[in-house]
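Reviewing the structure listed below.
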Amino acid sequence: MKALVTGASSGIGRELVKLLCSEKDNTVIGVARSEKALMELKEGFKECFIPVPADLSRMSGVDTVVREVREKLGELDLLVNNAGFGLYKKILEHTDEELLSMTMVNFITPILLTKKLLNIMKPGSTVVYVITAGVYVLLDDLPVYGATKTALHYAVNIIRRELEEKGIHVLTVYPGAVVTPFHEKAGYKIEKGVKPEEVARAILEGVKKKKKEVYTPAYLSIAKILTPLMIHVKGPIQTRKQ
Ligand SMILES: NC(=O)c1ccc[n+]([C@@H]2O[C@H](COP(=O)([O-])OP(=O)(O)OC[C@H]3O[C@@H](n4cnc5c(N)ncnc54)[C@H](OP(=O)(O)O)[C@@H]3O)[C@@H](O)[C@H]2O)c1
């Protein structure tokens with residue numbers, strides 16, 4: 001399988017690269033800004049892993065990734081839109097740059113990558129979007145993050161139909177809190193949640209079984225029924241350790 005995983009330097013994306021590269025005959029391009037972290041991953045998976053440092057908050061970064069995927073893989077069986085970040089601050093306290101880059105990384109870039117790589121994806125391939133179970137409530141403490149992920153959730157559930165017409169499978173992923181550097185970078189100390197390895201395993205299983213949606217933990221699928229209630233939630237959606 002030829003795969004592209006964004007956000008490969010850390011957390012869920014890093015664990016997914018490890019899983020993909022521990023299987024035979026896979027080639028994986030991993031994207032993130034942190035070249036050092038990507039090179040460390042390369043050390044463990046020399047044959048399988050191709051690091052592509054790029055800033056996905058910039059069009060130039062998206063173009064670099066598209067060029068590298070075309071040149072180094074030629075075709076793509078799996079596109080995992082996983083890179084993302086959030087900030088624990090009020091909407092109006094975000095800087096202009098934070099608003100723009102969060103919207104780009106979390107919402108626009110996944111659509112651009114889908115659009116620009118579609119012509120090297122054959123019927124039977126899969127596009128994964130890592131969203132958040134937070135789209136079903138109002139994340140008061142991560143409001144711009146929640147808004148960008150909600151925009152992605154909305155768009156992707158329409159893109160799903162467009163891609164399915166071409167024989168391309170779409171998997172949407174809705175984790176609750178995951179114990180990764182995401183929260184510390186966003187300005188919060190997380191106390192409980194699932195491990196990134198578990199989310200990566202659930203994603204890979206979802207790809208192989210051609211599932212439509214994956215929730216981690218699985219019982220969070222119940223969160224869907226909360227949408228019309230517009231419930232306000234403080235902090236992340238912290239579930240018990242699995
Ligand atoms: N952790 C949670 O509780 C949780 C819950 C629900 C959903 N999610 C979602 O899961 C996905 C993965 O998050 P995680 O928890 O694994 O967090 P993480 O450990 O912080 O990883 C985020 C990844 O995204 C990359 N990234 C961020 N900004 C980027 C940019 N401008 N250009 C390129 N890459 C960029 C980071 O790489 P660099 O910093 O090296 O660029 C890193 O590899 C995200 O979409 C997140 O929203 C997380």
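Looking at heavy atoms from C-beta onward, V194 lies in side-chain contact with P217 at the 4.5 angstrom threshold. T180 is not listed as a side-chain neighbour of I190, based on a closest heavy-atom distance of 4.5 Å or more. With a 4.5 Å cut-off on side-chain heavy atoms, M102 and H94 count as touching. Between T27 and I50 there is a side-chain heavy-atom pair separated by less than 4.5 Å. When side chains are defined from C-beta on, K211 counts as touching E205, because their heavy atoms get closer than 4.5 Å. Counting heavy atoms from C-beta outward, K189 and H183 have side chains that stay 4.5 Å or more apart. Contact annotation: the side chain of H153 never approaches that of T172 to less than 4.5 Å [non-hydrogen atoms, C-beta and beyond]. In this structure, N81 and V130 have side chains that are not in contact, with every pair of non-hydrogen atoms separated by 4.5 Å or more.
Residues satisfying the salt bridge (charged side-chain N to carboxylate O under 4.0 Å, His left out) test with E164, not counting sequence neighbours, are none. Residues passing the side-chain contact (heavy atoms from CB on, under 4.5 Å) test with I108 are T103, M104, L112, sequence neighbours excluded.
Between K42 and F49, the shortest heavy-atom distance links the atoms NZ-O, 2.7 Å. Looking at every heavy atom in both residues, G124 comes nearest to K210 through O-NZ, 3.2 Å. Listed here is the closest heavy atom pair of F107 and L152: CD1-N, 3.5 Å. In terms of heavy atoms, G176 sits closest to A133 at N-CB, 4.3 Å.
Salt-bridge annotation for E162 and K115: absent, with no side-chain N of the basic residue lying under 4.0 Å from a carboxylate O of the acidic one. Look at K89 and E93 and you find no salt bridge, because none of the NZ, NE, NH1 or NH2 atoms lies under 4.0 Å from a carboxylate O. Between K36 and E40 there is a salt bridge, with a side-chain nitrogen of the basic residue lying less than 4.0 Å from a carboxylate oxygen of the acidic one. A salt bridge is absent between D77 and K2: the closest approach of a Lys/Arg side-chain nitrogen to an acidic carboxylate oxygen does not fall below 4.0 angstrom.
Shown here is L92, whose CG atom has no more than 12 heavy atoms of other residues, nucleotides or ligands within 6.0 Å. The 12-atom threshold is not exceeded at CG of D96, counting heavy atoms of other residues, nucleotides or ligands nearer than 6.0 Å. E213 CD: more than 12 foreign heavy atoms inside a 6.0 Å radius.
If you check the side chains of Y129 and T114, you find a donor sitting under 3.5 Å from an acceptor. Looking only at atom types and distance, the side chain of S57 has no donor-acceptor partner in the side chain of R33 under 3.5 Å away.
A donor-acceptor pair is defined here as one N or O able to donate and one able to accept, closer than 3.5 Å; no such pair exists between the side chain of S9 and the backbone of A37. In this structure a side-chain-to-backbone donor-acceptor pair under 3.5 Å is present from N26 to M1.
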Walk me through whether H169 and L171 qualify under side chain to side chain contact (heavy atoms under 4.5 Å, CB included).
CA-CA 7 Å; H169 170 239; L171 172 65; 4.2 Å; yes

For salt bridge (Lys or Arg N to Asp or Glu O under 4.0 Å), just list the numbers for K116 and D63, CA-CA rounded to whole Å, side-chain angles, deciding distance to a tenth of an Å, and then say yes or no.
CA-CA 9 Å; K116 289 170 184 270; D63 290 341; 3.6 Å; yes

Dump the intermediate steps for salt bridge (Lys or Arg N to Asp or Glu O under 4.0 Å) on E97 and R58, then the final yes or no.
CA-CA 11 Å; E97 174 57 23; R58 308 264 174 253; 3.2 Å; yes

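L229 and I222 sit in two unconnected hydrophobic clusters of ILVMFWY residues. Membership requires side-chain heavy atoms under 4.5 Å apart, directly or through other members. Follow the hydrophobic side-chain contacts under 4.5 Å out from L226 and you reach L220 in the same cluster.
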Extract all donor-acceptor atom pairs below 3.5 Å that involve side chains of residues 11-19 and protein atoms in other chains or at least two apart in sequence.
{"residue": "E15", "atom": "OE2", "partner": "K18", "partner atom": "NZ", "Å": "3.3"}

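Relative orientation of the Y174 and Y136 rings is tilted, given thresholds of 30° and 60° on the angle between their planes.
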